[in-house]
Amino acid sequence: MRLMAPRPMPNRRVPVLAGGAVVCIALLVFLAAGWEIRGWALGAVLWVAAQALGFLLGKVGISQPNVHGSGVVAFGMMGRGILLMVVLIAVAVSNPSLALAGAVVYALAYTAELGMGLSLYFSGEARS
């Protein structure tokens with residue numbers, strides 16, 4: 001089954017650029033619609049922070065290519081989602097519409113990044 005065959009990890013640059021493009025487009029939509037720009041800023045800051053944390057965790061995984069390094073990366077990726085939810089819940093307590101706008105911007109950027117990453121992964125040549 002060629003679909004289940006392992007493939008080399010694609011470069012992360014293109015998926016991150018796709019997510020960044022979605023964040024930029026979201027800014028234009030927020031400006032054109034007259035929506036509160038703080039909602040866009042919250043989503044953009046969360047997305048950039050998640051990318052920075054992912055980059056740092058990737059460096060740890062590369063510098064320690066053993067079981068310990070992969071555990072740190074896995075725990076960090078899980079913690080990234082937990083921290084995101086904690087921030088959004090804390091903001092939602094005081095301003096629900098701000099939290100919703102931030103969550104939507106983050107979710108759209110993450111979805112674009114994930115979709116591009118999966119497309120690149122499955123379009124790569126399968127290893128034997």
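All values reported here derive from a predicted model rather than from experimental measurement.
Counting non-hydrogen atoms of neighbouring residues, nucleotides and ligands closer than 6.0 angstrom, the CZ atom of Phe55 reaches no more than 12 such neighbours.
Applying the 4.5 Å side-chain rule to ILVMFWY residues, one finds Val14, Met116 in the same cluster as Leu120. Listed by chain and number, the hydrophobic cluster partners of Val93 come to none, as no ILVMFWY side chain reaches under 4.5 Å of it.
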Please report the C-alpha distance between Val104 and Leu100 in whole Å, then the side-chain angles of each, then the deciding distance to 0.1 Å, and finally whether the side chain to side chain contact (heavy atoms under 4.5 Å, CB included) criterion is met.
CA-CA 6 Å; Val104 168; Leu100 179 62; 4.2 Å; yes
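Rounding to the nearest 0.5 angstrom, the gap separating the OH atom in Tyr110 from the CG atom in Leu46 is 14.0 Å. Here CH2 of Trp47 is found 12.5 Å from CG of Leu108. Values are rounded to the nearest 0.5 Å.
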Can you give me every donor-acceptor pair (side chain of residues 17-43, partner residue at least two apart or in another chain, under 3.5 Å) with its distance?
from	atom 1	to	atom 2	distance (Å)
Glu36	OE2	Arg38	NE	2.5
Glu36	OE2	Arg38	NH2	2.7
Trp40	NE1	Val23	O	2.8

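The two residues Leu88 and Ala103 come nearest to each other via the heavy atoms CD1-CB, 3.9 Å. Gln51 and Arg80 make their closest contact through N-NH1, 4.4 Å (heavy atoms, listed as atom of the first residue, atom of the second, distance).
Connection of Ile89 to Tyr106 is not established within any shared hydrophobic cluster, with ILVMFWY side chains joined at heavy-atom distances below 4.5 Å, either directly or through further cluster members. Cluster annotation: Val45 is not connected to Leu83 through the hydrophobic network of ILVMFWY side chains, with a link wherever side-chain heavy atoms come within less than 4.5 Å.
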